[in-house]
Amino acid sequence: MNNLYLTNSLTRKKEIFKPINKENVGIYVCGPTVYSEVHLGNCRTFVFFDTMVRYLKFLGYKVRYVRNITDVGHLENDADEGEDKISKKARLEQLEPMEIAQKYTNDFHKVMNTFNAIPPDIEPAATGHIIEQINMVQQIINNGYAYVVNGSVYFDVSKYIDQGYDYGELSGRQVDELISGTRNLDGQSDKKSPNDFALWKKADSSHIMKWDSPWGKGFPGWHLECSAMSSKYLGSSFDIHGGGMDLKFPHHECEIAQCVGSGCEKPVNYWMHGNMLTLNGKRMSKSTGNTILPEELFNGSSSFLEKAFSPSVVRFFMMQSHYRGVLDFSNDALLASEKGFKKLMEAFSKLKKTSFNQGKEDENIINKINSICTSCYKNMNDDFNTPKLIANLFELVAIINTLDQKNSFNTIGAETHLFMLKTMSGFIEDVLGLEAQNKNHAQLTEELINMILNLRAEAKKNKDYLLSDKIRDQLTSLGVKIKDGKDGTTFVVN
RNA sequence: GGUCUCGUGGCCGAGUGGCUAGGCAGUGGUCUGCAAAACCAUCUACAUCGGUUCGAAUCCGAUCGAGACCUCCA
């Protein structure tokens, strides 16, 4: 197994990756809250983690990839009041809350599938794990890290700190600063301290999504589901926990506290965070409306774009930047990526089609190819450096095109030829998850036949019956039956 | 206000104490009936000001600018 390094948000350092169980890797990624369509910014995170999972598998690890669906509506603000998002949407769309959750879960799956993302091995929903969440809350209460007020349960951050734990270790925050930076909001009267967060919230009569609990009817706190479900499916200590940068605080910080509070000293070994996708220099966000939906991208209907772009091009565009950096989205950047993507795929297809003949081998070029191919691994092992990997692939593109032009593929030898082919298909298809675009084949075929028929009509018009008959005969032998009629020619494909 | 990140050539976007990132666009060639593609060559860089160093775009400090988090969000 290669030496894989990744940036651990917990230590803020690049660390060598050592799974708890030698060959098995457990990964949990925070999934979407399904109250509206996923936008492109959401997709960036999931596409990156998809690439990461693909690479781990490519290296030979057995991966268990868990990504949740948040289908419990959480409150719209920190005041712990107001309508939850799913209920609100349900009211607006006049649907059951679970219809909303299902509708947007379906949408999410469709989009991820379009992006050629491999589905997670387990995709637990928060509403399906209420019992686990209640048990976890009970555990935390039993350990003395939570208190019950008016049917709600809150995590006691001060107690946690008193016991020597570091609330803020992940996000690098100081609790004193947190307090001073917190605005005074109404509705926090139940909490002992503004830093405390809800594990379980009491539901009032108007609340639709609620469950029985030892503390009365209510619903779980936002951070709880991930703690409960990750430990259920990956064990109380697992390898990698991922999510968007915006979840680092408070969500992931709270997750750590909950797990520790329930009795696990070190829930996660490596925390990984993908950075934001910006649009016009501003973060894409559902709540501000600064978004592009994947669908708008694929059909070109967004006002930010002059044309449609294919999912693979968008994926390629995302992979051309490093996951930890902010990526700004623009029409021009996408156009450039599209051209580059086509160039890459054309060269790759050229290589695949090459029939190999033995010939005099050229050591220089062979060494160069081997070195570039090795570099692909090296760069991916360096914190999943996909932009550098892509640079490597383009170096191979240049070599392929040169060999093709000089018709000298035989100079690289059978072994190197195969190695290059395997490296390229491995990284392009298996790791980056890119697919050549060959859509609308049926439509293209029809257009091609019509084009040929038009040429035949021209030949007939010029009384070049030799050519027109030749076209008809050859089409017939291909299974295309021509019918000349008064109003032109039609055809049937057998 | 607090915490943090970043500032690379026409655009996107890597990286690094001294050695070509890469893609797109531009320019000059090769090729070509024309075009496209491809190939060869080539031009634009490392926010500003100081400091450390034999040497810094890369380390340190200051300044200016941008963004993220601190409140639901991938």
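Remember, predicted model here, so these are calculated numbers, not experimental data. In what follows, chains are A, B, ... by sequence order, proteins preceding strands, each numbered from 1.
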Discussion item. Taking only the P atom of each, what is the distance from B:G50 to B:G29 in whole angstrom?
Written reply: 43 Å
Response to the item:
note: A:L293, atom CG; B:A74, atom C1'; distance rounded to Å ~ 14 Å
Discussion item. Give me each pair satisfying salt bridge (charged side-chain N to carboxylate O under 4.0 Å, His left out) with a member in residues 316-326 of chain A, each pair once, sequence neighbours excluded.
Written reply: A:R324-A:D383
Determine all donor-acceptor pairs shorter than 3.5 Å in which one atom belongs to a side chain in residues 421-428 of chain A; sequence neighbours excluded.
from   : atom 1 : to     : atom 2 : distance (Å)
A:T423 : OG1    : A:F419 : O      : 2.7
A:S425 : OG     : A:L421 : O      : 3.3
A:S425 : OG     : A:K422 : O      : 3.4

Worksheet item: Got a sec, which residues hit salt bridge (Lys or Arg N to Asp or Glu O under 4.0 Å) with A:K202, two or more places apart in sequence or on another chain?
Response: none
Worksheet item: At under 4.0 Å between heavy atoms, what does A:H251 touch on the DNA or RNA strands: base, sugar-phosphate, or nothing?
Response: nothing
Worksheet, complete the sentence: By the Watson-Crick or G-U definition, both distances under 3.5 Å, B:A56 is matched with none
Item to complete: Determine the contact category for A:G41: base if any of its heavy atoms lies under 4.0 Å from a base atom, sugar-phosphate if only primed atoms, P, OP1 or OP2 are that close, otherwise nothing.
Response: base
Practice prompt. May I have the distance from A:M318 (atom CE) to B:A74 (atom C1'), rounded to whole angstrom?
Written response: 11 Å
Worksheet entry | Gap between atom SG of A:C259 and atom CG of A:L224 - 0.5 Å precision | 9.0 Å
Worksheet item: What interatomic distance, in whole Å, is found between C1' of B:C31 and the corresponding atom of B:C11?
Response: 29 Å
Item to complete: Tell me which of A:S171 and A:T402 sits closer to the 5' end of RNA chain B, going by the nucleotide each one is nearest to.
Response: A:S171
Practice prompt. Name the residue closer to the 5' end of RNA chain B, choosing between A:A398 and A:Y35 according to the nucleotide with the nearest heavy atom.
Written response: A:A398
Worksheet item: When you measure from the side chain of A:H39, which nucleotide among B:C11, B:A74, B:G2 comes out closest?
Response: B:A74
Worksheet item: Using a cut-off of 4.0 Å on non-hydrogen atoms, how would the nucleic acid contact of A:M245 be classed: base, sugar-phosphate, or nothing?
Response: nothing
Worksheet item: For A:L403 and B:A37, what is the distance between atoms CG and P respectively, to the nearest whole Å?
Response: 21 Å
Show which side-chain atoms of residues 397-409 of chain A pair as donor or acceptor with protein atoms under 3.5 Å away, not counting sequence neighbours.
from   : atom 1 : to     : atom 2 : distance (Å)
A:N401 : OD1    : A:K350 : NZ     : 2.6
A:N401 : ND2    : A:V397 : O      : 3.4
A:T402 : OG1    : A:A398 : O      : 2.8

Worksheet item: Which whole number of Å gives the distance between the C1' atom of B:U20 and that of B:G15?
Response: 12 Å
Item to complete: Between B:U42 and B:C4, how far apart are the C1' atoms? Round to whole Å, please.
Response: 42 Å
Worksheet item: Given the C1' atoms of B:A41 and B:A56, what is the spacing between them in whole Å?
Response: 30 Å
Item to complete: Under the salt bridge (Lys or Arg N to Asp or Glu O under 4.0 Å) rule, collect the residues that match up with A:E306, sequence neighbours excluded.
Response: none
Discussion item. Please report the distance separating the P of B:A45 from the corresponding atom of B:U8, rounded so that it comes out in whole Å.
Written reply: 14 Å
Worksheet item: Nearest-Å distance, CD (A:E338) to P (B:A25)?
Response: 11 Å
Discussion item. What is the separation between atom NZ on A:K342 and atom P on B:A38, rounded to the nearest whole Å?
Written reply: 12 Å
Could you run down the sub-3.5 Å N/O contacts of the protein with nucleotides 28-33 of chain B?
none

Discussion item. How many whole angstroms separate atom NZ of A:K13 from atom C1' of B:C4?
Written reply: 17 Å
Worksheet item: When you compare B:G17 with B:U58, how far apart are their P atoms, in angstrom units rounded to a whole number?
Response: 11 Å
Discussion item. Checking base pairs now: Watson-Crick or wobble, both atom distances under 3.5 Å. What partners B:U63?
Written reply: B:A47
Practice prompt. Could you let me know what B:C34 is paired to, Watson-Crick or G-U wobble, both distances under 3.5 Å, or none if it's on its own?
Written response: none
Response to the item:
Residue set satisfying ring pair (Phe, Tyr, Trp, His ring centres under 6.0 Å) with A:H252, at least two apart, ordered chain then number -> A:H241, A:W271, A:H273
Discussion item. Any strand counts, and the cut-off is 3.5 Å on both contacts for Watson-Crick or G-U wobble. Which nucleotide pairs with B:C39?
Written reply: B:G29
Worksheet item: Quick check: are there more than 12 heavy atoms from other residues, nucleotides or ligands sitting under 6.0 Å from NZ of A:K378?
Response: no
Discussion item. For a quick check under 3.5 Å, do A:Y55 and A:N381 share a side-chain donor-acceptor pair by atom type?
Written reply: yes
Worksheet item: Looking for any heavy atom pair under 4.0 Å, which part of the strands does A:K282 touch: base, sugar-phosphate only, or nothing?
Response: sugar-phosphate
Fill in: Pair A:Y35, A:K103: side-chain N/O donor-acceptor within cut-off below 3.5 Å
no
For residues 314-321 of chain A, tabulate all N or O donor-acceptor pairs below 3.5 Å that involve a side-chain atom, not counting sequence neighbours.
from   : atom 1 : to     : atom 2 : distance (Å)
A:R315 : NE     : A:L432 : O      : 2.6
A:R315 : NH1    : A:D50  : OD2    : 2.9
A:R315 : NH1    : A:F115 : O      : 2.9
A:R315 : NH1    : A:N116 : O      : 3.4
A:R315 : NH2    : A:D50  : OD2    : 2.7
A:R315 : NH2    : A:T51  : OG1    : 3.3
A:R315 : NH2    : A:L432 : O      : 3.2
A:Q320 : OE1    : A:S337 : OG     : 2.7
A:S321 : OG     : A:R44  : NH2    : 3.3
A:S321 : OG     : A:M318 : O      : 3.3

Fill in: Partners passing side-chain hydrogen bond (donor to acceptor under 3.5 Å, both in side chains) against A:S230 (at least two apart in sequence or in another chain)
none
Item to complete: Could you tell me which residues satisfy ring pair (Phe, Tyr, Trp, His ring centres under 6.0 Å) with A:Y65, sequence neighbours excluded, listed by chain and number?
Response: none
Discussion item. What is the separation between atom CG on A:L247 and atom C1' on B:A74, rounded to the nearest whole Å?
Written reply: 6 Å
Discussion item. Taking the basic N atoms (NZ, or NE/NH1/NH2) and the acidic carboxylate oxygens, is any pair closer than 4.0 Å for A:D430 and A:K57?
Written reply: no
Response to the item:
Between CG of A:N407 and C1' of B:C39 the distance, given in whole Å, is 14 Å
Discussion item. Could you tell me how far B:A37 sits from B:A74 if I compare only their C1' atoms? Round to whole Å.
Written reply: 39 Å
Using nucleotides 34-36 of chain B, report all nitrogen or oxygen pairs with the protein that are shorter than 3.5 Å.
none

Discussion item. With a 3.5 Å limit on both atom pairs, tell me what B:A21 is paired to, counting Watson-Crick and G-U wobble, or say none.
Written reply: none
Worksheet item: For B:A68, which nucleotide is its Watson-Crick or G-U wobble mate, given both distances must be under 3.5 Å?
Response: B:U3
Response to the item:
Expected string for nucleotides 12-23 of chain B under the B/S/- scheme (protein heavy atoms, under 4.0 Å, primed atoms plus P, OP1, OP2 as sugar-phosphate) is SSSS-----BSB
